[in-house]
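Along the sequence shown, residues carry numbers from 1.
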Amino acid sequence: MSRIFAIANQKGGVGKTTTAINLSAALASLGDRVLLIDMDAQGNATTGSGINKALVPLSIYDALIGEAQLSRVTVHTAPAGYDLAPANGDLAGLSVVEARPEAAPPYHLLRDTLVGSEDRYDWIFVDAPPALGLATLNCLFAAHAVLVPVQCEYYALEGLSDLMQTMRKIGESLGHQLPLAGVLRTMYDSRSSLCNDVSEQLCEHFADAIYQTVIPRNIRLAEAPSYGLPVLNYSPSCKGSQAYIALAEEFRERAGGSR
């Protein structure tokens with residue numbers, strides 16, 4: 001039985017999609033069966049995985065609205081080694097579903113879509129959009145826990161606080177308790193005093209929830225999406241690749257070991 005993790009942060013530009021792609025690839029390289037679900041209408045996790053979002057015959061949106069089984073939507077990414085449920089602009093259609101006055105907002109669409117797929121994978125990651133809308137709420141409602149990438153900069157604690165508040169509200173109003181799987185420091189520059197100061201604050205506030213692995217600011221990591229590759233396939237020996245392999249190993253340990 002797979003475990004489902006939302007990779008989320010209500011603040012954009014924190015390395016959320018980079019983490020979704022590269023953690024998926026790192027775990028796949030260790031032999032785990034991984035599904036990455038792109039739940040952002042921008043489709044960055046899709047293009048960053050080497051899939052042309054304009055050419056996919058089916059997307060996660062088709063699965064969410066019941067037009068296709070998830071197994072028909074997913075594609076295997078090579079050479080990355082994980083399965084992907086792609087997204088494109090069609091996913092913006094969820095806002096139309098949300099606007100229907102005759103029904104309560106369907107927070108359960110993704111959870112229902114995943115039924116029957118759990119045994120096929122060790123890990124399922126959901127790349128949530130940065131805005132708090134129906135897509136993000138579906139990600140959180142479907143997840144067993146939330147992994148939060150945080151850039152060590154001035155507004156980091158504010159964005160993390162907003163997400164924690166949202167998670168509490170989901171627990172209170174929807175009855176879905178959502179634990180924090182961990183906080184990951186990204187785009188880390190040890191030469192920056194601000195970066196170090198924020199890192200210390202994160203460690204103080206979140207203690208054991210902080211991953212010991214830190215993702216550095218790395219040019220190869222930034223270049224890889226333009227080639228449609230995880231950094232592990234684009235530049236295997238760079239610091240970014242080494243960091244995500246270390247993260248995969250720590251993630252496995254925290255989440256209960258290899259499956």
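To the nearest 0.5 angstrom, Ser59 atom OG is 13.0 Å from Ile51 atom CD1. Remark: Ser2 OG to Leu114 CG distance equals 7.5 Å, nearest 0.5 Å. Annotation: the span from Arg254 atom CZ to Asp208 atom CG amounts to 7.5 Å, rounded to 0.5 Å. Atoms CZ and CG, from Phe125 and Leu23 in turn, are 4.0 Å apart once rounded to the nearest 0.5 Å. In this structure, CG on Leu30 lies 5.0 Å from CD1 on Ile245, to the nearest 0.5 angstrom. Separation of atoms CG (Leu64) and NE2 (His108) is listed at 11.0 Å; rounding is to 0.5 Å.
Taking Ser24 as the reference, nothing meets the side chain to side chain donor-acceptor pair (under 3.5 Å) condition, with sequence neighbours excluded. Every residue meeting the side chain to side chain donor-acceptor pair (under 3.5 Å) condition with Asp38, not counting sequence neighbours, appears here in chain and number order: Thr46. Partners of Asp162 according to the side chain to side chain contact (heavy atoms under 4.5 Å, CB included) rule, which considers only residues two or more places apart in sequence or in another chain, are Gln10, Glu158. Considering only residues two or more places apart in sequence or on other chains, Glu249 meets the salt bridge (Lys or Arg N to Asp or Glu O under 4.0 Å) condition with none of them. Taking Thr17 as the reference, Ile21, Asn44, Ala45, Asp127 meet the side chain to side chain contact (heavy atoms under 4.5 Å, CB included) condition, with sequence neighbours excluded. Residues that satisfy the salt bridge (Lys or Arg N to Asp or Glu O under 4.0 Å) test with Asp40, not counting sequence neighbours, are absent from this structure. Under the side chain to side chain donor-acceptor pair (under 3.5 Å) criterion, Glu67 pairs with no residue, sequence neighbours left out. With sequence neighbours excluded, the residues that form a salt bridge (Lys or Arg N to Asp or Glu O under 4.0 Å) with Lys11 are Glu153. Residues satisfying the salt bridge (Lys or Arg N to Asp or Glu O under 4.0 Å) test with Arg220, not counting sequence neighbours, are Glu223.
The two atoms that bring Ala68 and Val73 nearest to each other are CB-CG2, 4.1 Å, heavy atoms only. The minimum heavy-atom distance between Pro149 and Ala8, with the atom names listed, is CD-O, 3.7 Å. Residues Tyr107 and Asn138 approach most closely at O-OD1, 3.0 Å, considering heavy atoms. When every heavy atom of Pro225 is checked against every heavy atom of Leu221, the shortest pair comes out as CD-O, 3.4 Å. When every heavy atom of Cys238 is checked against every heavy atom of Val231, the shortest pair comes out as SG-CG2, 3.5 Å. For Leu134 against Pro106, the heavy-atom pair with the smallest separation is CD1-O, 3.7 Å.
Using a cutoff of 4.0 Å between basic side-chain nitrogens and carboxylate oxygens, Asp62 and Arg72 are not scored as salt-bridged.
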Does the pair Thr19 and Tyr244 meet the rule for a side chain to side chain donor-acceptor pair (under 3.5 Å), with working shown?
CA-CA 8 Å; Thr19 294; Tyr244 274 107; 2.9 Å; yes
Does the side-chain contact (heavy atoms from CB on, under 4.5 Å) test come out yes or no for Thr166 and Thr136, once each step is laid out?
CA-CA 10 Å; Thr166 297; Thr136 298; over 6 Å; no
Trace of the side-chain contact (heavy atoms from CB on, under 4.5 Å) decision for Leu70 with Leu35
CA-CA 11 Å; Leu70 183 62; Leu35 171 64; 4.1 Å; yes
Test log, rule side-chain contact (heavy atoms from CB on, under 4.5 Å), inputs Leu160 and Leu202:
CA-CA 10 Å; Leu160 188 49; Leu202 288 169; 3.9 Å; yes
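Judged by distance alone, the side chain of Thr113 and the main-chain N or O of Leu109 form a donor-acceptor pair under 3.5 Å. When atom types are taken as modelled, the side chain of Lys16 and the backbone of Ala128 share a donor-acceptor pair closer than 3.5 angstrom. Between the side chain of Glu118 and the main chain of Gly116, a donor-acceptor pair closer than 3.5 Å is present. With hydrogens and angles ignored, the 3.5 Å screen pairs no side-chain donor or acceptor of Lys53 with any backbone N or O of Ala41.
Linking Ile, Leu, Val, Met, Phe, Trp and Tyr residues whenever their side-chain heavy atoms come within less than 4.5 Å leaves Ile210 and Val214 in two separate clusters. In the hydrophobic cluster analysis, where Ile, Leu, Val, Met, Phe, Trp and Tyr join through side-chain heavy atoms closer than 4.5 angstrom, Leu58 is grouped apart from Met39.
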Please list, one pair per line, the donor and acceptor atoms closer than 3.5 Å that link side chains of residues 74-86 to other protein atoms, with sequence neighbours excluded.
unit_1, atom_1, unit_2, atom_2, d
Thr74, OG1, Ser71, O, 3.4
His76, ND1, Asp83, OD1, 2.8
Thr77, OG1, Tyr82, N, 3.4
Thr77, OG1, Tyr82, O, 2.7
Tyr82, OH, Ser49, OG, 2.6
Asp83, OD2, Tyr121, OH, 2.7

Identify each donor-acceptor pair in which a side-chain atom of residues 173-189 lies under 3.5 Å from a protein atom, sequence neighbours left out, and give them as a table.
unit_1, atom_1, unit_2, atom_2, d
Ser173, OG, Lys169, O, 2.7
His176, NE2, Leu140, O, 3.3
His176, NE2, Phe141, O, 3.1
His176, NE2, Ala143, O, 2.9
Gln177, NE2, Gly171, O, 3.3
Arg185, NH1, Ser199, OG, 2.8
Arg185, NH2, Tyr211, O, 3.0
Thr186, OG1, Val14, O, 2.5
Thr186, OG1, Val150, O, 3.4
Tyr188, OH, Asn196, OD1, 2.5
Asp189, OD1, Arg191, N, 3.0
Asp189, OD1, Arg191, NE, 3.0
Asp189, OD2, Arg191, NH2, 3.3

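Screening residues 28-51 for ring pair (Phe, Tyr, Trp, His ring centres under 6.0 Å) gives no qualifying pairs among residues at least two apart or on separate chains.
Side-chain contact check for Leu247 versus Asn22: every heavy-atom pair is 4.5 Å or farther apart. Between Leu137 and Leu132, the closest side-chain pair of non-hydrogen atoms falls below 4.5 Å.
Counting heavy-atom neighbours within 6.0 Å of Gln69 CD, excluding the residue itself, gives a total of 12 or less. Counting heavy atoms of neighbouring residues, nucleotides and ligands inside a 6.0 Å radius, atom CZ of Arg120 exceeds 12 of them.
The aromatic rings of Phe5 and Phe251 sit perpendicular to each other, their planes meeting at more than 60°, with 30° as the lower class boundary.
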